Amino acid sequence: MEYTQVRRLLLDAGWVPLDAEYLRPWPAYPDYPEVNCGTGWQATCSAFFFRGDYYFGVGLNPKESRRHLPVEWTWRSRDPAGLARDHRVVKAVISATRQGNVQIEERSPVIKAACGTNKVWLSWNNAVPNATLVTCDYGGTAHDNWGWLVETGLEDDETRVRRFSLGKVTSVAEFKRFGAQVRDAFSSHPWCSGAKPKVPLNAVFATLVKTPSQSGDVPYCF
């Protein structure tokens, strides 16, 4: 079937297209902003839709004239966490830098709604390029946050989402640069153990929890 027909069937059934227009300097097909195409003379295209706890993928192979978009494959997958539908948002905000984090609540209303917070962070480390960490930042003094580890491109192109309790999220590379104090929003705080913990050897991300200190000299420690 032509994509126009399949698209109409999906829209009539309540599926919502995932707009991919921001992933490229111009739309491949202005009438279909959800269609994302690769580069090269044999490049194919794809489009994604979501509805409730599911997302639906459509594989397209444009004809030479690019006026026709025959559908080559379709698939549907369950997404109970409601995050995989935004995997294109995740990839769009990750830069070529080795590691970092960025606020994404304005870029991804789906993830913001899932977090229920006003601030959402996305952390990445290219040591594991298919893994990103979403942190729902409650802005509390003790960093009592939570979030999801999102892993894409797994076997059979599956996406895995796992929930974790989180504090102040950092990367292992940044963890190595910490000294006797950890810089926070307004000030620095010492390690609760009295010395910096050993660097984790088999990890990409690290989470630091700030708690009330037992010392009268400093109110909090990590």
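This structure is a prediction, so every number in the text was calculated from the model and none was measured. Just so you know, residue 1 is the first one in the sequence shown, and it goes up from there.
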Within 45° cone and under 6.0 Å: Lys196 NZ/CZ vs Phe222 ring: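 Here Lys196 fails the 6.0 Å and 45° test against Phe222.
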
Give a yes or no answer on whether the side chain of [X] reaches the backbone of [Y] with a donor-acceptor pair at less than 3.5 Å.
{"X": "Glu105", "Y": "Lys112", "value": "no"}
{"X": "Asn145", "Y": "Gly167", "value": "yes"}
{"X": "Glu2", "Y": "Leu69", "value": "yes"}
{"X": "Thr135", "Y": "Asp137", "value": "no"}
{"X": "Trp191", "Y": "Gly179", "value": "yes"}

Which atom names give the shortest non-hydrogen contact between [X] and [Y], and what distance separates them?
{"X": "Trp148", "Y": "Cys115", "answer": "CZ3-SG, 3.7 Å"}
{"X": "Ala206", "Y": "Phe175", "answer": "CB-CD1, 4.5 Å"}
{"X": "Val150", "Y": "Val134", "answer": "CG2-CG2, 4.3 Å"}

Any chance you could lay out the side chain to side chain contact (heavy atoms under 4.5 Å, CB included) test for Trp124 and Leu133, step after step, and finish with the verdict? CA-CA 7 Å; Trp124 71 91; Leu133 187 65; over 6 Å; no

Given side chain to side chain contact (heavy atoms under 4.5 Å, CB included), test Val161 with Leu149 step by step and report yes or no. CA-CA 6 Å; Val161 181; Leu149 180 66; over 6 Å; no

Not counting sequence neighbours, which residues clear ring pair (Phe, Tyr, Trp, His ring centres under 6.0 Å) with Trp121? List them please.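 Partners of Trp121 under the ring pair (Phe, Tyr, Trp, His ring centres under 6.0 Å) test: none.
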
So [Y] and [X], do their side chains get closer than 4.5 Å, heavy atoms only?
{"X": "Pro190", "Y": "Val218", "value": "yes"}
{"X": "Tyr3", "Y": "Pro70", "value": "no"}
{"X": "Lys176", "Y": "Val199", "value": "yes"}

Tell me whether the rings of Trp73 and Trp75 are parallel (<30°), tilted (30 to 60°) or perpendicular (>60°).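 The arrangement is parallel - the two ring planes meet at less than 30°.
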
Which class fits the ring pair Trp146 and Tyr138: parallel under 30°, tilted 30 to 60°, perpendicular over 60°?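 Ring orientation of Trp146 relative to Tyr138: tilted.
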
Any chance you could measure [X], atom [atom1], to [Y], atom [atom2], to the nearest 0.5 Å?
{"X": "Glu34", "Y": "Cys45", "atom1": "CD", "atom2": "SG", "result": "11.0 Å"}
{"X": "Ile104", "Y": "Ile111", "atom1": "CD1", "atom2": "CD1", "result": "4.0 Å"}
{"X": "Arg183", "Y": "Ser188", "atom1": "CZ", "atom2": "OG", "result": "4.5 Å"}
{"X": "Tyr220", "Y": "Thr211", "atom1": "OH", "atom2": "OG1", "result": "9.5 Å"}
{"X": "Lys168", "Y": "Asp144", "atom1": "NZ", "atom2": "CG", "result": "15.0 Å"}
{"X": "Ser187", "Y": "Gln181", "atom1": "OG", "atom2": "CD", "result": "8.5 Å"}

I'd like to know if the side chain of Asn61 pairs up with that of Glu72 as donor and acceptor (distance under 3.5 Å, no hydrogens or angles considered).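 Yes, because at least one side-chain N or O of Asn61 sits under 3.5 Å from a partner of the opposite role on Glu72.
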
Any side-chain donor near an acceptor of the partner, Tyr32 and Thr4, under 3.5 Å: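 The criterion, which ignores hydrogens and geometry beyond distance, is satisfied for Thr4 and Tyr32.
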
When you group the ILVMFWY residues by side-chain heavy-atom contacts below 4.5 Å and let the links chain together, are Leu10 and Tyr29 in the same group?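 Linked within one cluster.
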
Criterion side chain to side chain contact (heavy atoms under 4.5 Å, CB included) on Val6 and Met1, from CA distance to verdict: CA-CA 7 Å; Val6 175; Met1 296 176 66; 3.9 Å; yes

